Amino acid sequence: MIPSPATRPTARTAPAPAGRDPFIDVLRVFGMALVVLQHWSMPVLSFADGRITTGNALATGNGWMITWISQVMPLVFFAGGAAGAISRRAAVQRGDATPAWLATRLRRLAWPVVPLAAVWLPLPHLLLTLGMPEQPVMTASRLAGQLLWFLVIYLVAVALTPPMLRLNTAYGWRVPAALAAGAVAVDLLRFTSGLEVAGLPNIVLIWLAVHQLGFLYADGRLGRPWILAPAGYGLAAALVTFGPYPLSMIGMPGAAVSNMAPPTLALLSVGVGQIGLALALRRWIVSFAEWPGVSRALGWAGGRMMTLYLWHMSALFVIVSMVVVGLGVSTPEPGTSAWVSGWPHWLLMLTLAMWPLLRSLARFETPPSGRPYTGGMARIVVATVLVGLGLLTLTAIGFVPGTAPLLGAGAIVAGLALTGPSFRTSPASRAFPGRVRPRITRDTSDGSGAPADAKSF
């Protein structure tokens with residue numbers, strides 16, 4: 001028999017704290033902040049003849065090196081896996097049913113998307129009516145929805161958390177190893193056949209693999225970080241040097257292959273390296289996070305990260321519409337003195353545009369309070385599928401005028417409606433009136449140090 005996590009000897013890390021883990025807090029805030037910083041810094045934009053032309057500053061020179069640190073989605077999934085494991089196990093200890101736990105997580109994940117859809121569905125029509133050039137409006141409308149790819153994959157990871165946690169308990173390291181082996185097979189098929197579509201299974205395999213490493217961290221079974229870091233980065237270096245993998249860990253304009261869409265073994269290797277590096281620095285990260293000022297800042301930012309992620313491109317569109325489209329001012333050539341000196345001013349304008357969005361929309365990080373979910377597994381599965389299909393539709397099409405975005409948003413709302421309480425009286429409550437009470441499924445902690453209803457993921 002394989003020993004359980006409670007009896008298995010640990011390597012160098014203790015199990016994650018049951019209530020608060022500042023390390024996870026820092027990774028989530030740092031990860032999302034770095035995603036926003038990268039998205040704000042890399043556009044190269046110009047406007048002429050009613051069309052906006054876009055480029056990527058990281059495609060210049062050795063900019064690809066930055067992506068080995070700035071592509072932090074593996075860290076975000078790793079932190080989400082650790083928080084999900086802590087949250088799920090706390091729910092089991094309280095006696096909460098699996099459907100109720102999934103309903104709570106689904107509401108917190110999907111509810112912040114509702115105001116985004118409410119604004120962006122009519123916005124393209126309004127902008128076109130006001131005389132904005134069509135091509136920039138359509139480009140912004142598509143990009144505003146593409147950000148939701150993260151929620152689609154994260155929703156799959158959340159929905160699979162209960163069975164994947166059981167596999168983690170039984171098999172430990174063998175689970176992410178098996179997922180990584182599957183990713184190797186997918187890449188081999190993709191690059192030998194020349195069919196990009198053959199790489200699509202890695203969207204699930206690779207992100208689930210790093211999510212599963214978060215489970216191991218929560219168990220205290222993710223040791224030897226100074227081996228993980230060089231092994232991950234070393235394998236990535238070998239893959240891009242001798243294999244068909246591009247140097248950049250994000251998609252670049254005109255590149256025949258992307259390490260990100262769909263993800264590749266090279267990206268997984270960089271993710272393992274990042275996780276190892278973060279774990280090696282964990283003691284210093286935790287000490288830093290416990291400073292009173294830093295702790296308060298993390299608490300403030302933690303309840304606004306989903307809002308920042310969902311709306312930071314909207315802030316970018318506001319500034320681009322005023323500066324690039326409205327005034328006809330192109331962004332400087334990347335790497336030049338004009339670009340370097342102008343970069344802080346660019347970030348300041350974007351921050352000023354983002355601030356009112358944070359103040360007015362952060363309230364949607366917390367779903368409306370109500371009675372806990374009392375339905376069965378079938379209903380929550382249907383709710384998850386509806387939300388997933390809605391998010392996938394908006395990811396693929398965006399908010400361009402048409403029927404599909406309306407259907408996608410409608411599917412999300414319908415799925416959220418199914419996460420509410422069941423109004424049907426259960427047989428047990430009819431047979432034993434007064435003895436059966438609905439369980440309170442509110443998650444008091446998601447493993448990141450703040451109440452679960454103050455966190456989106």
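Model, not experiment: these values are computed from the prediction. FYI, the numbering just counts along the sequence from 1.
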Peer 1: Can you find a heavy atom in the side chain of W120 that is under 4.5 Å from one in the side chain of L116?
Peer 2: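 Side chain of W120 against side chain of L116, heavy atoms only: contact under 4.5 Å found.
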
Peer 1: Would you indicate whether the side-chain heavy atoms of V270 and Q71 approach each other to under 4.5 Å?
Peer 2: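 No, every pair of side-chain atoms sits at 4.5 Å or beyond.
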
Peer 1: Looking at L151, L106, L109, which hits side chain to side chain contact (heavy atoms under 4.5 Å, CB included) with V387?
Peer 2: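 Testing each of L151, L106, L109 against V387, the sole residue satisfying side chain to side chain contact (heavy atoms under 4.5 Å, CB included) is L106.
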
Peer 1: Side-chain contact test, heavy atoms from C-beta onward, threshold under 4.5 Å: evaluate it for F399 versus L406 and give yes or no.
Peer 2: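 With C-beta onward as the side chain, the pair stays apart.
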
Peer 1: Can you list the steps and then say if W101 with S87 is a side chain to side chain donor-acceptor pair (under 3.5 Å)?
Peer 2: CA-CA 9 Å; W101 180 83; S87 170; 3.1 Å; yes

Peer 1: Is it true that the side chains of T395 and Q146 contain a donor and an acceptor less than 3.5 Å apart?
Peer 2: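 No, because no side-chain N or O of T395 sits under 3.5 Å from a partner of the opposite role on Q146.
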
Peer 1: Flag this pair as yes if the NZ/CZ of R221 is under 6.0 angstrom from the six-membered ring centre of W173 and inside a 45 degree cone about the axis; otherwise no.
Peer 2: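 Not satisfied by the 6.0 Å and 45° rule.
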
Peer 1: Give a yes or no answer on whether the side chain of H211 reaches the backbone of W207 with a donor-acceptor pair at less than 3.5 Å.
Peer 2: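 Between the backbone of W207 and the side chain of H211 there is no qualifying donor-acceptor contact (under 3.5 Å).
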
Peer 1: Does E196 come within less than 4.0 Å of R190, counting only side-chain N to carboxylate O?
Peer 2: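 R190 and E196: salt-bridged.
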
Peer 1: Within a radius of less than 6.0 Å around CH2 of W300, do more than 12 heavy atoms belonging to other residues, nucleotides or ligands occur?
Peer 2: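 Counting neighbours around CH2 of W300, more than 12 heavy atoms of other residues, nucleotides or ligands fall under 6.0 Å, so yes.
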
Peer 1: Find the distance between CZ (F47) and CG (D49) and round it off to the nearest 0.5 Å.
Peer 2: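 Going from the CZ atom of F47 to the CG atom of D49 covers 8.5 Å.
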
Peer 1: Should V36 and Y309 be marked as a side-chain contact (heavy atoms from CB on, under 4.5 Å) after you check the CA-CA gap, both sets of side-chain angles, and the distance that decides it?
Peer 2: CA-CA 7 Å; V36 171; Y309 178 76; 5.5 Å; no

Peer 1: Rounded to the nearest 0.5 Å, what's the gap from CZ on F215 to CZ on R89? Could you check?
Peer 2: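 It is 8.0 Å, given to the nearest 0.5 Å.
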
Peer 1: Are H312 and L316 close enough that some pair of their side-chain heavy atoms sits under 4.5 Å apart?
Peer 2: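 Heavy-atom side-chain distance check fails, nothing below 4.5 Å.
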
Peer 1: Please report the shortest heavy-atom distance between L235 and S269, naming the atom on each side.
Peer 2: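 Heavy atoms of L235 and S269 come nearest at CD2-OG, 3.3 Å.
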
Peer 1: So which atom in T67 and which in I250 form the shortest heavy-atom distance, rounded to 0.1 Å?
Peer 2: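 It is CG2-CG1, 3.8 Å.
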
Peer 1: Short question: side chain of Q274, backbone of G232 - any donor-acceptor pair under 3.5 Å?
Peer 2: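 No, Q274 side chain to G232 backbone: no donor-acceptor pair under 3.5 Å.
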
Peer 1: So I52 and V320, do their side chains get closer than 4.5 Å, heavy atoms only?
Peer 2: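 A side-chain contact exists here, since the closest heavy-atom pair is under 4.5 Å.
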
Peer 1: Between N168 and R174, does a side-chain contact (heavy atoms from CB on, under 4.5 Å) hold up when you go through it step by step?
Peer 2: CA-CA 8 Å; N168 173 73; R174 299 176 193 177; over 6 Å; no

Peer 1: Judged by atom type as modelled, is there a donor-acceptor pair below 3.5 Å linking the side chain of R88 to the main-chain atoms of T161?
Peer 2: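 It does not hold such a pair.
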
Peer 1: Less than 4.5 Å apart, side chain to side chain, heavy atoms only: is that true for L102 and T384?
Peer 2: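 Heavy-atom side-chain distance check fails, nothing below 4.5 Å.
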
Peer 1: Measure across N56 and G251 and return the closest heavy-atom pair with its distance rounded to 0.1 Å.
Peer 2: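 Minimum heavy-atom separation between N56 and G251: ND2-O, 3.9 Å.
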
Peer 1: What are the two closest non-hydrogen atoms of P405 and I397, and how far apart are they?
Peer 2: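 P405 and I397 have their closest heavy atoms at CG-CG2, 4.2 Å.
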
Peer 1: Using a distance-only test with no angle check, is there a side-chain donor-acceptor pair under 3.5 angstrom linking T307 and E365?
Peer 2: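 Result is yes, a qualifying pair exists.
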
Peer 1: If you measure from CG on L143 to NE2 on H39, what distance do you get to the nearest 0.5 Å?
Peer 2: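 NE2 of H39 is found 10.0 Å from CG of L143.
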
Peer 1: Please determine, by modelled atom types, if T366 and W111 share a side-chain donor-acceptor pair under 3.5 angstrom.
Peer 2: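 Per modelled atom types, T366 and W111 side chains form no pair under 3.5 Å.
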
Peer 1: Under the criterion side-chain contact (heavy atoms from CB on, under 4.5 Å), I'd like the reasoning laid out for T393 against L407: C-alpha separation, chi angles, the key distance, then a yes or no.
Peer 2: CA-CA 8 Å; T393 300; L407 293 176; 5.8 Å; no

Peer 1: Does the side chain of L350 come within less than 4.5 Å of M354's, by heavy atoms?
Peer 2: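 M354 vs L350: side chains apart.
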
Peer 1: Could you give the distance from OG (S248) to CG (L58), rounded to the nearest 0.5 Å?
Peer 2: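 Interatomic distance, S248 OG to L58 CG, rounded to 0.5 Å: 7.0 Å.
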
Peer 1: Do L347 and W40 touch side chain to side chain, with heavy atoms closer than 4.5 Å?
Peer 2: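 The answer is yes; the side chains approach within 4.5 Å.
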
Peer 1: If I take atom CD1 from residue I69 and atom CG from residue L277, how far apart are they, to the nearest 0.5 angstrom?
Peer 2: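 Here the interatomic distance stands at 6.5 Å.
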
Peer 1: Please report the shortest heavy-atom distance between T331 and P43, naming the atom on each side.
Peer 2: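 That would be OG1-O, 4.1 Å.
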
Peer 1: Is there a donor-acceptor contact under 3.5 Å from the side chain of D187 to the main chain of L265?
Peer 2: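 It does hold such a pair.
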
Peer 1: With distance as the sole test, does Q212 use its side chain to make a donor-acceptor pair with the main-chain N or O of M164 at under 3.5 Å?
Peer 2: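 Pair found, side chain donor or acceptor close to backbone of M164.
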
Peer 1: Quick one: does any side-chain atom of T264 pair with a main-chain N or O of M260 as donor and acceptor, under 3.5 Å?
Peer 2: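 The answer is no, because no donor-acceptor pair under 3.5 Å joins these two groups.
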
Peer 1: Examine the side chains of S41 and W343 and answer whether a donor and an acceptor come within less than 3.5 Å of each other.
Peer 2: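 Yes, because at least one side-chain N or O of S41 sits under 3.5 Å from a partner of the opposite role on W343.
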
Peer 1: Whether the R166 and Y171 side chains hold a donor-acceptor pair (N or O, under 3.5 Å, no angle test) is what I'd like checked.
Peer 2: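 No - no donor-acceptor pair under 3.5 Å links their side chains.
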
Peer 1: When you measure from the side chain of T169 to the backbone of L165, do you find a donor-acceptor pair of N or O atoms at a distance under 3.5 Å?
Peer 2: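 Looks like yes, one N/O pair under 3.5 Å.
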
Peer 1: Evaluate the side-chain contact (heavy atoms from CB on, under 4.5 Å) criterion for residues S295 and E290: first the C-alpha distance (whole Å), next the side-chain angles of each, then the deciding distance (0.1 Å), finally the verdict.
Peer 2: CA-CA 6 Å; S295 179; E290 289 176 346; over 6 Å; no

Peer 1: State whether the side chain of N259 and the backbone N or O of P246 hold a donor-acceptor pair below 3.5 Å, judged by distance alone.
Peer 2: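 Pair found, side chain donor or acceptor close to backbone of P246.
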
Peer 1: Would you call the rings of F23 and Y217 parallel, tilted or perpendicular, where under 30° means parallel and over 60° means perpendicular?
Peer 2: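 It falls in the tilted class, 30° to 60°.
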
Peer 1: Report the relative orientation of the aromatic rings in W68 and W64; use parallel for angles under 30°, tilted for 30 to 60°, perpendicular for over 60°.
Peer 2: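 Correct class here is perpendicular.
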
Peer 1: Can you tell me how far apart CG (L267) and CD1 (I206) are? Round to the nearest 0.5 Å.
Peer 2: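 Answer for the CG-CD1 pair, L267 versus I206, is 6.5 Å.
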
Peer 1: Identify the heavy atoms of P115 and L361 that sit nearest to each other, and give their distance.
Peer 2: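 Heavy atoms of P115 and L361 come nearest at CB-CD2, 4.2 Å.
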
